[in-house]
Amino acid sequence: MPGKTKHTNRLGLILLLCGILLVSLLVASTFGAVTIPLSDIVKMVLKKLAVFDLPTAWSAAEETIIFQIRLPRVIGGALVGAALTTAGVLFQGLLRNPMADPYIIGTSAGAALGAAIAMILPISVSLIGFGLVPLAAFAGALATVFLVYSLARIGNKTPIISLLLAGFVISALLAAVMSFMMSLSDRLGLNLKVVYSFLVGHISVASWGQLAVIAPLVIGGIIGARFFALHLNAFSLGEEGAAYLGIEVERDKMAILVLGSLLTAAAVSISGLVGFVGLVVPHAVRLVLGPDHRLLLPAAALVGASFLVIADLLSRTLLAPVEIPVGVITAIIGAPFFIYLLRRTRKEYAL
Amino acid sequence: MTSLQVRGVCFSYSNGLVLHNVNLDIGSGEMVALIGPNGSGKTTLVKLISGVLQPRRGEILLDGYDLSSLDRKQIARNVAVVPQQFQIPFAFTVTDVVLLGRIPYLRAFAKESEADRRSVARVLEITGIRELARRRFDELSGGERQKVILAMALAQETRMLLLDEPTAHLDVAHQVEILELVKSLNRERDLTVIAAIHDLNLASLYFERLVLLKQGRILADGTPVQVLTENKIREAFSTSVDVTRHPLTGTPQVVLLPSDYSGHRDGGVPVIQADREV
């Protein structure tokens with residue numbers, strides 16, 4: 001049966017992508033200021049998980065590096081990549097726009113402004129392992145989406161076009177406030193270097209506690225997104241077409257926006273604004289695997305996770321000890337690739 | 001059995017009233033065309049019957065059930081809609097698009113079953129596009145796309161099919177092909193068909209019952225012979241026409257009269273001034 005083969009292929013593909021992610025995580029963990037052999041990392045993890053009692057062939061310092069620095073960072077990178085890519089697939093599918101990215105309805109501007117305000121506040125808060133800046137970025141992203149959604153709402157409907165316009169206008173407004181703050185950085189006590197690092201993206205995971213909060217949010221978000229896969233397929237026909245296929249359009253639109261925004265906000269809180277992943281990876285995976293969201297969503301999440309783990313590895317090691325912002329790496333890989341895609345598909349998007 | 005009752009339905013967009021107290025009873029297995037000038041409310045009526053718009057006043061009953069009491073999924077299992085045109089931004093194959101028609105029957109994490117695939121194979125066969133199955137939807141011609149959309153609607157396996165200007169962007173060959181197909185589905189599968197259609201002659205050729213709308217009101221409702229009269233068409237469209245008979249089927253055919261010919265008519269027979277053409 002052809003259907004059967006297809007099903008088996010899909011499962012095999014997802015397993016293959018899981019394998020690639022695992023290898024990326026391990027490889028990314030070996031490199032850094034100190035190179036720690038892959039075999040030692042595997043043994044360390046197995047020992048830590050109490051799977052096997054293996055002889056300790058590594059130093060305590062190496063173990064500290066792996067468990068306190070490298071693993072949190074590479075896992076954080078994987079979560080950020082998966083979250084941004086999933087959000088990208090959700091927004092591209094819902095807005096029927098292959099150029100949409102996770103930040104399209106204002107999350108980036110909101111998160112950046114939230115973070116900048118937190119940076120100048122003379123208070124120090126720590127909530128479940130998070131400092132004020134990631135919390136404010138998270139809150140800023142969600143508050144902006146809420147504002148954009150309310151502004152775009154006309155009666156009991158939220159037309160896609162008003163959503164895009166409201167997102168654009170609010171982003172512009174918040175970006176202006178941000179620029180204003182940056183121009184007054186001396187008086188406000190705003191550290192431009194820190195702001196800059198947030199704007200270009202930089203994965204910073206301070207503790208396992210942060211991952212314990214982000215991971216359920218991201219994994220839950222991805223499972224939630226998968227729940228809407230069929231609905232997103234229906235949205236390819238437009239809102240009216242989706243309604244004809246039995247989709248409760250306004251309810252699903254809101255749910256998909258909430259999921260996409262939560263995923264984006266979760267990512268932004270530990271990485272700042274990493275660009276291109278959420279735009280390019282969904283697009284690339286769609287080109288290869290086709291537009292069925294039931295396969296696209298999990299596959300893109302896994303590819304996005306691996307992509308960002310590798311990009312972060314390059315950002316730490318290419319010019320070590322100088323760290324290139326991961327957003328710069330994703331853009332340097334992403335932009336030429338995106339241009340290649342545009343040229344390849346030029347016929348379809350030509351005006 | 002799918003019958004439809006539209007009872008005292010009023011509807012308005014924010015810019016003004018579009019439908020005034022529309023009453024319409026359509027029995028199971030009927031093939032009805034909604035005709036009338038642009039802005040007369042044909043499309044709005046189709047959207048109300050499909051449940052994507054809700055009446056401001058009045059009610060629409062589907063097999064006796066108030067449409068507003070049914071959820072979208074229930075409606076999608078009973079009423080399928082073929083709109084004028086679909087743009088699909090992603091590279092779906094024809095099979096992918098037709099499979100979308102099975103969505104009203106799938107649960108969130110479900111895969112299409114063998115039954116769903118058989119249903120798709122069947123509608124591809126019925127619509128005569130089996131050989132397009134693996135082609136990309138966005139690479140098809142307008143006529144082929146419309147057949148794919150029709151196949152998708154048929155995959156919903158409903159007893160009622162709504163069409164909103166299904167032939168508006170097609171050449172004559174495809175217009176005839178689509179309507180022949182719909183007509184045969186109506187006859188052979190007892191599918192209830194309601195179509196908004198602006199071409200009066202196509203409506204006359206393929207539909208048993210025409211509902212003529214003007215400014216949101218039903219002006220006439222009956223067989224093509226009853227509805228397509230010179231007076232009623234002039235009243236609805238504010239245009240002078242001549243109504244003749246189709247040479248083969250005998251159904252009324254509407255002939256347009258350019259304004260400079262309107263004074264040269266004699267007893268309903270158009271005066272053809274061939275010499276002026278040369």
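In what follows, every chain begins at residue 1, and chains take the letters A, B, ... in the order their sequences are listed.
Take B/Tyr105 and apply the side chain to side chain contact (heavy atoms under 4.5 Å, CB included) test, not counting sequence neighbours, and it matches B/Arg77, B/Arg102, B/Glu157. The side chain to side chain contact (heavy atoms under 4.5 Å, CB included) search around A/Leu165 returns A/Ile161, not counting sequence neighbours.
Using a 4.5 Å cut-off between heavy atoms, B/Gln87 contacts chain A through both its backbone and its side chain. With a threshold of 4.5 angstrom between heavy atoms, A/Ala229 does not approach chain B through any atom at all. Looking at B/Ile88, the atoms closer than 4.5 Å to chain A (heavy atoms on both sides) sit in the backbone and in the side chain alike. If you measure heavy-atom distances from A/Arg286 to chain B, the contacts under 4.5 Å come from the side chain alone.
Within a 6.0 Å sphere centred on CZ of A/Arg251, other residues, nucleotides and ligands contribute more than 12 heavy atoms.
Considering all non-hydrogen atoms of both residues, B/Phe11 and B/Pro55 come closest at CD1-CA, 4.3 Å. The minimum heavy-atom distance linking A/Ala266 with A/Leu217 is given by the pair CB-CD2, 3.7 Å.
Each of A/Glu248, A/Arg96, A/Glu239 has some count of heavy-atom pairs under 4.5 Å with chain B, and the biggest count is that of A/Arg96.
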